[in-house]
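See structure below.
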Number of protein chains: 2
Amino acid sequence: MTDPQHESAGAWAKQYHLASRLVMESVLRPHDLGPTQWYVLYHLATVGETPQRDLAALLQVERATLTGVVAALVRKGLLVQEPSCTDQRQKVLRLTPAGAALWRKLPDPIALILDTAFDGIAASDVETTVHVLRTATGKLHDLLSKGTP
Amino acid sequence: MTDPQHESAGAWAKQYHLASRLVMESVLRPHDLGPTQWYVLYHLATVGETPQRDLAALLQVERATLTGVVAALVRKGLLVQEPSCTDQRQKVLRLTPAGAALWRKLPDPIALILDTAFDGIAASDVETTVHVLRTATGKLHDLLSKGTP
DNA sequence: CTAATTTTGTAAGGTGGCTAACAAAATGAC
DNA sequence: GTCATTTTGTTAGCCACCTTACAAAATTAG
């Protein structure tokens, strides 16, 4: 899906993203977790029990997507999903002991990626990159909201 | 899937990538094409008939993935897949007249994305961005090839 | 020439993303 | 208090990508 004719910052953002996802997947594969599954565990382990609704917003995935990811983790016995006592529509997610134990053994793929990827690159250049990509992303979102009212 | 704790250049590459894919999908949706399908048409329209094997390498997708994409386009009558006369394992892909006609009517989503996203950003900043992302991507690939021999 | 190996495409099954339609619970209007 | 609306999660169906395993054709070894 790379496009040799249009080689540009756009293509490189994609290349970087794919490479970092490959690293993440290769780190997590031995533990039988996908990247999104890891993010869910990460959040529950560091922040504690969380309503599923909030998690969808935090991870920026659709409710329906999270349903599937959570179902996979519940199937593996790593977390439980129980109805909130104050609002019976909501479900609260919490690590099981097995989930917490797994988390303790898990490497941190994000730290590995950042340490590897930006090692030796000037901080100011990284800042410029973040700024350019953030600006570009904003413009694309503007286009989307204008183009599709 | 964004990760507020680790918000960094890593997350922004992803954000940009997702935004550009959304733009591409919204441009192509009226024509009932997905991004990868568009890239296949793009290549066949600008370069001419191509062995499926080569196309997989050019688009950087797995052979198995391309099988599905090509099948969808064949189903729509936009291209044909015929065995090579010199090597009967290979299949050569070529636009049909219908595919060529559709291509002529199609907008160029890549041009739209690049024009929108990087408009008004200093060329030197874009160059820095490309350099940082390319370097970071290279380091991640190094890690992958060393880590998994 | 035959037998082993490599190359090419396909099939099956999983992940993770989306939308749309739905049911149940909570909330607001009146 | 009842009825309409909003919120929450699930289901079902689609897309694009992956890996593994396979079959058929081509190439290489002997």
Side-chain angles (χ1 to χ4, degrees), chain A residues 1-2 14-15 17-19 21-26 28-40 50-76 79-93 144 148, chain B residues 1-2 14-15 17-26 28-29 31-40 50-76 79-93 144 148:
Chain A
M1 193 132 135
T2 302
K14 175 175 196 169
Q15 297 295 310
H17 172 243
L18 293 178
R21 215 186 51 183
L22 279 179
V23 171
M24 189 149 182
E25 285 171 354
S26 74
L28 294 177
R29 186 162 311 123
H31 305 280
D32 194 31
L33 289 174
T36 308
Q37 295 177 19
W38 183 88
Y39 277 113
V40 171
T50 307
Q52 184 165 330
R53 168 198 52 157
D54 296 350
L55 205 50
L58 283 164
L59 303 188
Q60 292 187 202
V61 296
E62 291 300 311
R63 282 173 299 149
T65 301
L66 192 53
T67 294
V69 173
V70 166
L73 292 169
V74 168
R75 201 174 347 108
K76 297 182 207 173
L79 55 81
V80 288
Q81 189 186 33
E82 32 189 44
S84 158
C85 34
T86 65
D87 181 341
Q88 299 209 281
R89 292 169 307 180
Q90 283 180 230
K91 305 207 179 160
V92 173
L93 306 180
L144 282 169
T148 48
Chain B
M1 190 133 136
T2 303
K14 175 174 195 170
Q15 297 295 310
H17 173 242
L18 293 178
S20 69
R21 215 186 52 182
L22 278 179
V23 171
M24 189 148 182
E25 284 170 354
S26 75
L28 295 176
R29 195 174 346 264
H31 302 95
D32 194 31
L33 288 174
T36 309
Q37 294 177 20
W38 184 87
Y39 278 112
V40 171
T50 308
Q52 185 165 328
R53 169 198 50 154
D54 295 351
L55 204 50
L58 284 163
L59 304 188
Q60 293 187 198
V61 297
E62 292 300 310
R63 281 173 301 147
T65 301
L66 192 54
T67 294
V69 173
V70 166
L73 292 169
V74 168
R75 202 170 351 105
K76 296 182 206 170
L79 56 82
V80 288
Q81 187 187 35
E82 32 189 44
S84 159
C85 34
T86 65
D87 181 341
Q88 298 208 281
R89 292 169 307 180
Q90 284 180 228
K91 306 207 177 159
V92 174
L93 306 180
L144 281 169
T148 49

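What you see is a predicted model; the values in this text were computed from it and never measured.
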- prompt: Closest nucleotide of DNA chain D for A:Leu22 versus for A:Asp54: which of these residues is on the 5' side?
  reply: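 So the residue in question is A:Asp54.
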
field: Closest-nucleotide 5' rank along DNA chain D - winner of A:Gln52 and A:Arg29
entry: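 Closest to the 5' end, via its nearest nucleotide, is A:Gln52.
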
Which heavy atom of [X] sits nearest a heavy atom of [Y], and at what distance?
X: B:Ser20; Y: B:His17; value: OG-O, 3.0 Å
X: A:Ala56; Y: A:Leu66; value: N-CD2, 3.5 Å
X: A:Leu144; Y: B:Ala19; value: CD1-O, 4.2 Å

message: Tell me whether A:Lys76 contacts the main-chain N or O of A:Asp32 through its side chain, where contact means a donor paired with an acceptor under 3.5 Å.
response: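 Yes; at least one donor-acceptor contact below 3.5 Å.
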
Separation of [N] [atom2] from [X] [atom1] (nearest whole Å):
X: B:Gln37; N: D:dC14; atom1: CD; atom2: P; result: 14 Å
X: A:Leu55; N: C:dG16; atom1: CG; atom2: C1'; result: 15 Å
X: A:Leu73; N: C:dG16; atom1: CG; atom2: C1'; result: 12 Å
X: A:Trp38; N: C:dT15; atom1: CH2; atom2: C1'; result: 18 Å
X: B:Tyr39; N: D:dC17; atom1: OH; atom2: P; result: 10 Å
X: A:Leu58; N: D:dT8; atom1: CG; atom2: P; result: 13 Å
X: B:Lys91; N: D:dA25; atom1: NZ; atom2: P; result: 11 Å
X: A:Arg21; N: D:dT19; atom1: CZ; atom2: C1'; result: 13 Å

task: Return the 5'-most residue of the pair A:Asp32, B:Arg53 with respect to DNA chain C, ranking by each residue's nearest nucleotide.
output: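 Per heavy-atom nearest nucleotide, the more 5' residue is B:Arg53.
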
- prompt: Of B:Ala64 and A:Leu33, whose closest DNA chain C nucleotide lies nearer the 5' terminus?
  reply: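 It is B:Ala64 whose nearest nucleotide is closer to the 5' end.
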
message: Does any part of the side chain of A:Arg53, heavy atoms only, come nearer than 4.5 Å to the side chain of A:Arg89, both counted from C-beta?
response: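 Not touching, per the 4.5 Å side-chain cut-off.
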
Between [N] and [X], is there an OP1 or OP2 to side-chain N/O distance shorter than 4.0 Å?
X: A:Thr36; N: C:dG17; result: yes
X: A:Thr65; N: C:dG17; result: no
X: B:Thr67; N: C:dA11; result: no

message: Rounded to the nearest 0.5 Å, what separates atom CD in A:Gln60 from atom CG in A:Leu58?
response: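 Those atoms lie 9.0 Å apart.
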
Hey, what are the protein-to-nucleotides 25-28 of chain C N/O distances that come in under 3.5 Å?
from	atom 1	to	atom 2	distance (Å)
C:dA26	OP1	A:Gln88	N	2.9

Using a heavy-atom cut-off of 4.0 Å across all strands, would you classify [X] as base, sugar-phosphate, or nothing?
X: B:Glu25; answer: nothing
X: B:Arg63; answer: base
X: A:Gly34; answer: sugar-phosphate

message: Among residues at least two apart in sequence or on other chains, which ones pass side-chain contact (heavy atoms from CB on, under 4.5 Å) with A:Val92?
response: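 Applying side-chain contact (heavy atoms from CB on, under 4.5 Å) to A:Val92 gives A:Glu49, A:Ser84.
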
- request: Side chain of A:Gln81 only, please: which of C:dT8, C:dG17, D:dT10 is the nearest?
  value: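 Comparing C:dT8, C:dG17, D:dT10 against the side chain of A:Gln81, the answer is D:dT10.
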
query: Among D:dC18, D:dT8, D:dT10, which is the nearest nucleotide to the side chain of B:Glu62?
result: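 Of all the options, the side chain of B:Glu62 is nearest to D:dC18.
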
- request: From the options B:Val61, B:Val69, B:Val40, select the one residue that forms a side-chain contact (heavy atoms from CB on, under 4.5 Å) with B:Leu55.
  value: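 Considering B:Val61, B:Val69, B:Val40, a side-chain contact (heavy atoms from CB on, under 4.5 Å) with B:Leu55 is found only for B:Val40.
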
